[in-house]
Chemist: 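Here it is: the structure, laid out below.
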Amino acid sequence: MRGVDGSRSPHGSRRLRYDPRPMSGAPADAVLRPSCDPATALDARFRAAIRSITGADADPQIRVSGNAKFGDFQMNAAMSLAKERGTNPRALADEILKATDVSGIASKCEVAGPGFINITLDAAFLAARVDELSKSTTFGIPPASDPHAVVIDLCGVNVAKQMHVGHLRATIIGDSLARVFERLGRTVWRENHLGDWGLPIAMTLAKLIREKADFAKLTLDDLNAAYRGAQKETSTADLDAAYEFRCGPHRIAELEIQYEPARGAMDNAKKTLVRLQSGDPDVVRLWERLIEVTMEQVYEAARTLNVKVGPENNRGESFFRDRLGGVVDAFAKSGLAKSDKGAMVVPFADRERPLLIQKSDGGFLYATTDLAAVRFRTFELDGSLVVYVVDARQRDHFKDVFDAARLIGWNTTADGAESALVHLGFGAVLGADKKPLKTRSGENFTLKDLLDEACERGTAEVTRRAADPNAPTHGLSPDELARIGAAVGIAAVKYADLSGDVTKDYVFDLDRMVAFEGDTGPYLQYAHARIASILAKSGESAAAIAAAPLVLADPAEKALALHLTRYAQMVLDVGRTLETNRVGAYLAQLATLFNGFYQACPVLKADDAAARLSRLRLCAVTRAVLADGLSLYGIIAPERM
RNA sequence: GCGCGCGUAGCUCAAUUGGAUAGAGCAUCGGUCUUCGGAACCGACGGUUGGGGGUUCGAAUCCCUCCGCGCGCGCCA
């Protein structure tokens, strides 16, 4: 089971990175660069100048200026290069600047501070980049160079268990990453590694059979209750402890009698497991019904969340059940696994803790299934990148599994390309008291509770505003308002989660999550709706707007345009770092810059027709980028709200 | 005991991956306001980046150390 309530392993490193093209052999300068980003041209020009001076290929370190007063970009390489050469950084910056041809790109370049080169872009060059971006069907993102697939392990739901707030993260972070890689032109596999096999499921099944439950009418609550009941009635914790602490024979005998029913229930569960494993059609049918009932909630949550997870993504533990023996054999034959106290373990050179892949009773473990899944994902799904969006506490587990996979060479695709195996461990879900929310304590928010609440609050807010006769939403049907309200409420929840560092712990605060003001999902939706409104009111055709020449005269126009051209690089960066919060930061900045532009530059009331059309075009490009960016979070951008 | 992670404004979080004066939102206070959509905009207040030391032109970021909090540690998943 992939449960977010699992009890294993801590965080991944704060900076989660992997080499996106590990064995492709491509030279560094072949790294994808969007041509609509001015930084690409600047990089090429300064790189050439540096090569002419030093004779070496060095990163010119082109960065967006942290402060607008320094211009649009800065080149930072002079300082580190001067250090290597033992020369004066400012003098080297002067030399580089003299040797750089910035004609047609920059209107001003100057050396500042300890050796920065501040660059102000030429307005016409910037306008041309926006023009290029607006004509691109991929928003300027170059075609993917890696033909292999990206595999994303997400959702992590367990059969017979209610989804709770923790599953929100595994689901929407995974889906968002999948959308990013789809935007980058990669083939993406969303893998829902269901906990649908093994003793816990058999225990639940055995209990339901014994109690003659009506499987046709089973609800998820029934399953949940049976799961818990089965766990409880088979527990022999006190007895196990008595053995462990070598209690006297009298005490143990006493407990043996007390726990006789538990032994019986467990025996019964094990017999059910054997029937299930041997393919007994009666048991298999009931087992399938268990999965069906469980998954209904997942599909419903996915619909509500606008997440692309359905039956086609189900590939759970049961899928790998016939491959587990092969996993152990492969490790045994290659000499990587050895017998230890009757169990099979894979030892590691750099640490004490081995990876247990087979129990002394012959049974397989979580790790065995994961190893089978790694092999499937790299060899059969052709994944050169396999991302596991799973609770950060399972870090040690994945470190072991990935290292074992590398030892045996399963981290390669069928054609021999190296696969990056990455655990994206998200932080714990904490309560207002900063303590982890306990699962199965009965009182905690289920995922459904959260989503219902978000949709209700969103609908209430939209309905309240629609009561104003001047509101664009005035007069819409209750159904329509509820549809928009749900989009707003869900946007609030998703944005609150995805716009932070997902590897950090997460304070579950419903009021904050469904806030509609400030740096929120609805703020972005609002900006989108407002732009859509302007475009609709303009009376101009989309074709006329798209063909308008761009004139970037006002600083607010330039600032907005510059940010638009950076969209492609931002998406590439998310693909490289798996940091979904970059999308949110970019979009919030975009909305803020648009609002600044909106404040400073009249659009419909512009002084002349050319400026009006140019500004309408900026609006249109901004709207398109905003909508595409929101789609990377799976957030719907309504025309009115 | 061993291992891992975290610590930034009152609160929730950023910081272009080592760059210039650490930025947003919320909250508080003040302003814009007969509006191209106020779910907005502008401003003020708020910081010894847990403490200390080190590396260098330059550190929230890298190294060491201490403090505090959390997580994990082979026959569950």
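In what follows, chains carry the letters A, B, and so on, assigned in the order in which the sequence lines appear, proteins first and then strands, with residues in each chain numbered from 1.
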Chemist: Pick the C1' atom in U65(B) and in C41(B), then give their distance to the nearest Å.
Modeler: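 Comparing C1' positions in U65(B) and C41(B) gives a spacing of 48 Å.
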Chemist: Indicate, with yes or no, if the rings of Phe402(A) and Tyr388(A) have centres closer together than 6.0 Å.
Modeler: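 Yes.
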Chemist: Which label fits U49(B), syn or anti, where anti is any glycosidic angle not within 90° of 0?
Modeler: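 Anti, since the glycosidic angle lies more than 90° from 0.
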Chemist: Cys601(A) near the nucleic acid: base, sugar-phosphate alone, or nothing, with a heavy-atom cut-off under 4.0 Å?
Modeler: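 Counting heavy atoms under 4.0 Å across all strands, the contact made by Cys601(A) includes a base.
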Chemist: Just by distance, no angles: are the side chains of Gln61(A) and Ser80(A) close enough, under 3.5 Å, to form a donor-acceptor pair?
Modeler: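 A pair is found: one side chain offers a donor N or O, the other an acceptor, under 3.5 Å apart.
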Chemist: Are any of Asn88(A)'s side-chain N or O atoms less than 4.0 Å away from OP1 or OP2 of C57(B)?
Modeler: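 So the side-chain polar atoms of Asn88(A) never come under 4.0 Å of the phosphate oxygens OP1 or OP2 of C57(B).
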Chemist: Roughly how many Å is it from CD1 in Ile484(A) to C1' in G37(B), rounded to a whole number?
Modeler: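 Checked: the CD1 to C1' distance equals 14 Å.
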Chemist: To the nearest angstrom, how far is Ile117(A) atom CD1 from G19(B) atom C1'?
Modeler: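 One finds 14 Å between C1' of G19(B) and CD1 of Ile117(A), rounded.
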Chemist: What nucleic acid atoms does Phe597(A) come within less than 4.0 Å of, heavy atoms only: base, sugar-phosphate, or nothing?
Modeler: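 The residue Phe597(A) makes no contact with any strand.
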Chemist: Expressed as a whole number of angstroms, how long is the span from Asp59(A):CG to G18(B):C1'?
Modeler: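 Whole-Å distance recorded here is 13 Å.
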Chemist: Are Glu461(A) and Arg457(A) close enough, and set up right, to give a salt bridge (Lys or Arg N to Asp or Glu O under 4.0 Å), and what steps lead you there?
Modeler: CA-CA 6 Å; Glu461(A) 191 66 15; Arg457(A) 291 204 194 188; over 6 Å; no
Chemist: Thr473(A) and Arg465(A): side-chain donor and acceptor closer than 3.5 Å?
Modeler: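 On atom types as modelled, these side chains do not qualify, holding no pair under 3.5 Å.
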Chemist: For nucleotides U48(B) and C6(B), find the distance between their P atoms and express it as a whole number of Å.
Modeler: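 It works out to 22 Å between them.
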Chemist: Please classify the nucleic acid contact of Val346(A) as base, sugar-phosphate, or nothing, using heavy-atom distances under 4.0 Å.
Modeler: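 Contact class for Val346(A): none.
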Chemist: Taking atom C1' of G72(B) as reference, at what distance in whole Å does atom CG of Asp505(A) sit?
Modeler: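 So the two atoms are 13 Å apart, to the nearest Å.
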Chemist: Contact class for Ala529(A) (heavy atom, under 4.0 Å): base, sugar-phosphate, or nothing?
Modeler: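 Counting heavy atoms under 4.0 Å across all strands, the contact made by Ala529(A) includes a base.
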Chemist: For G19(B), is there a stacking contact with Phe116(A), counting only centres under 5.5 Å and planes under 30°?
Modeler: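 Per 5.5 Å and 30° rule: no stacking.
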Chemist: Rounded to the Å, how far apart are Asp501(A) CG and G5(B) C1'?
Modeler: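 Taking CG of Asp501(A) and C1' of G5(B), I get 12 Å after rounding.
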Chemist: Could you check whether Ala585(A) gets within reach of a base, just the sugar-phosphate, or nothing at all, counting any heavy atom under 4.0 Å?
Modeler: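 Nothing, no heavy atom under 4.0 Å.
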Chemist: How about His193(A) and Phe319(A): are their ring centroids closer than 6.0 Å?
Modeler: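 No, the ring centres sit 6.0 Å or more apart.
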Chemist: Mind checking Asn595(A) for me? I need base, sugar-phosphate or nothing, with any heavy atom below 4.0 Å counting as a touch.
Modeler: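 Answer is sugar-phosphate: Asn595(A) comes under 4.0 Å of backbone atoms only.
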Chemist: Assign Leu365(A) to base, sugar-phosphate, or nothing according to its heavy-atom contacts below 4.0 angstrom with the strands shown.
Modeler: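 Sugar-phosphate, backbone atoms only, no base.
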Chemist: Taking only side-chain N and O atoms of Lys504(A), does any of them lie within less than 4.0 angstrom of OP1 or OP2 on A14(B)?
Modeler: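 So the side-chain polar atoms of Lys504(A) do come within 4.0 Å of the phosphate oxygens OP1 or OP2 of A14(B), strictly under.
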Chemist: Look at the side chain of Asp196(A) against the base of A77(B) and say whether a donor-acceptor pair falls under 3.5 Å; ignore hydrogens and angles.
Modeler: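 Answer no: no donor N or O sits under 3.5 Å from an acceptor.
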Chemist: Quick test of your reading of the model: are Asp396(A) and Arg351(A) salt-bridged, counting only N-O distances below 4.0 Å?
Modeler: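 No.
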Chemist: Touch check for Arg351(A), heavy atoms < 4.0 angstrom, all strands: base, sugar-phosphate only, or nothing?
Modeler: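 It contacts nothing in the nucleic acid.
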Chemist: Looking for any heavy atom pair under 4.0 Å, which part of the strands does Lys399(A) touch: base, sugar-phosphate only, or nothing?
Modeler: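 Since no nucleic acid heavy atom lies under 4.0 Å of Lys399(A), the category is nothing.
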Chemist: Using atom P in both nucleotides, what's the gap between C64(B) and G70(B) to the nearest angstrom?
Modeler: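 After rounding to an integer number of Å, I get 24 Å for this pair.
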Chemist: If I pick the P atom on G19(B) and the same atom on A59(B), what distance separates them, to the nearest angstrom?
Modeler: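 So the two P atoms sit 11 Å from each other.
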Chemist: Classify the nucleic acid contact of Pro354(A) as base, sugar-phosphate or nothing, counting any heavy atom under 4.0 Å across all strands shown.
Modeler: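 It contacts base atoms.
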Chemist: Between P on C75(B) and CD1 on Ile357(A), what's the gap in Å once rounded to a whole number?
Modeler: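 Value for this atom pair: 15 Å.
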Chemist: Do any side-chain nitrogens or oxygens of Tyr526(A) fall under 4.0 Å of OP1 or OP2 in A39(B)?
Modeler: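 It does, given that an N or O in the side chain of Tyr526(A) lies less than 4.0 Å from OP1 or OP2 of A39(B).
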Chemist: Can you measure Asn118(A) atom CG to A20(B) atom C1' for me and round it to whole angstrom units?
Modeler: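 Between C1' of A20(B) and CG of Asn118(A): 9 Å.
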Chemist: Whole angstroms only, please: what is the CZ-C1' distance between Arg90(A) and A20(B)?
Modeler: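 Interatomic distance, CZ of Arg90(A) to C1' of A20(B): 12 Å.
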Chemist: Report yes if the ring of Tyr598(A) lies under 5.5 Å from the six-membered base ring of C36(B) with planes under 30°, and no otherwise.
Modeler: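 So yes, this residue stacks on that base, both cut-offs being met.
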Chemist: Between the base of A24(B) and the side chain of Gln589(A), is there a donor and acceptor pair under 3.5 angstrom?
Modeler: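 Counting by modelled atom types and ignoring angles, no donor-acceptor contact under 3.5 Å is found here.
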Chemist: Would you say the base of A20(B) stacks on Phe70(A) (centre-to-centre below 5.5 Å, plane angle below 30°)?
Modeler: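 By the stated criterion, Phe70(A) and A20(B) stack.
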Chemist: For Gly500(A), which contact category applies under a 4.0 Å heavy-atom criterion: base, sugar-phosphate, or nothing?
Modeler: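 The answer is sugar-phosphate, as Gly500(A) gets under 4.0 Å only of primed atoms, P, OP1 or OP2.
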Chemist: Taking the C1' atom in each of U61(B) and G7(B), what is the distance between them to the nearest angstrom?
Modeler: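 Taking atom C1' in both U61(B) and G7(B), they lie 14 Å apart.
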Chemist: Looking only at the aromatic ring of each residue, does the gap between the centers of Phe597(A) and Phe594(A) stay below 6.0 angstrom?
Modeler: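 Phe594(A) vs Phe597(A): aromatic centres under 6.0 Å.
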Chemist: Using a 4.0 Å heavy-atom cut-off across all strands, classify Met570(A) as base, sugar-phosphate, or nothing.
Modeler: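 The answer is nothing, as Met570(A) stays clear of every strand by at least 4.0 Å.
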Chemist: For A77(B) and Lys161(A) - does any side-chain N or O of the residue sit under 4.0 Å from the phosphate oxygens OP1/OP2?
Modeler: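 Checking Lys161(A) against A77(B): no side-chain N or O falls below 4.0 Å of OP1 or OP2.
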Chemist: Determine the contact category for Gln358(A): base if any of its heavy atoms lies under 4.0 Å from a base atom, sugar-phosphate if only primed atoms, P, OP1 or OP2 are that close, otherwise nothing.
Modeler: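 Since no nucleic acid heavy atom lies under 4.0 Å of Gln358(A), the category is nothing.
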Chemist: Any base atoms under 4.0 Å from Arg512(A), or only sugar-phosphate, or nothing? Heavy atoms, all strands.
Modeler: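 Touches sugar-phosphate only.
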